Amino acid sequence: MSVVVTAVLRPRAGEKEAVTAVLAEIIPQVHREDGCLLYALHEADDGSLVFVEKWESAEDLAAH
């Protein structure tokens, strides 16, 4: 059974661009991890950053 995770990040004022840049660098690495089906970063209307992750199994998520 696959596992879906939603993570909400709220960067400090003035730090959103720096945080987004760091996260954008790791996305391709995570896509190569065993069991990663989706790892996507989105910006919400309120300025928060939202990761949506989908993993083949809880074991794959735990290994991440």
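Note that the coordinates shown come from a computational prediction; the quantities given were computed from them, not determined experimentally.
- Note: the hydrophobic cluster containing Val8 also contains Leu38 (ILVMFWY, side chain heavy atoms under 4.5 Å, direct or indirect links).
- Distance NZ/Lys54 to OG/Ser2: 4.0 Å, rounded to 0.5 Å.
- Pairs passing the ring pair (Phe, Tyr, Trp, His ring centres under 6.0 Å) check and including a residue from residues 5-38, sequence neighbours excluded, do not occur.
- With a 4.5 Å cut-off between side-chain heavy atoms of Ile, Leu, Val, Met, Phe, Trp and Tyr, the cluster of Ile26 takes in Val3, Val5, Leu9, Val19, Leu23, Ile27, Val30, Tyr39, Leu41, Leu49, Phe51, Trp55, Leu61.
- Evaluation of the salt bridge (charged side-chain N to carboxylate O under 4.0 Å, His left out) test over residues 21-39, restricted to residues two or more places apart or in two chains, returns none.
- Annotation for Asp60 and Gly35: closest pair OD2-CA, 3.3 Å, computed over non-hydrogen atoms.
- Among residues two or more places apart in sequence or in another chain, the side-chain hydrogen bond (donor to acceptor under 3.5 Å, both in side chains) test is passed with Asp46 by Ser48.
- Separation of atoms CD (Glu53) and OG1 (Thr6) is listed at 8.5 Å; rounding is to 0.5 Å.
- Sequence neighbours left out, the pairs with a member in residues 7-24 that pass side chain to side chain donor-acceptor pair (under 3.5 Å) are Lys16-Glu43.
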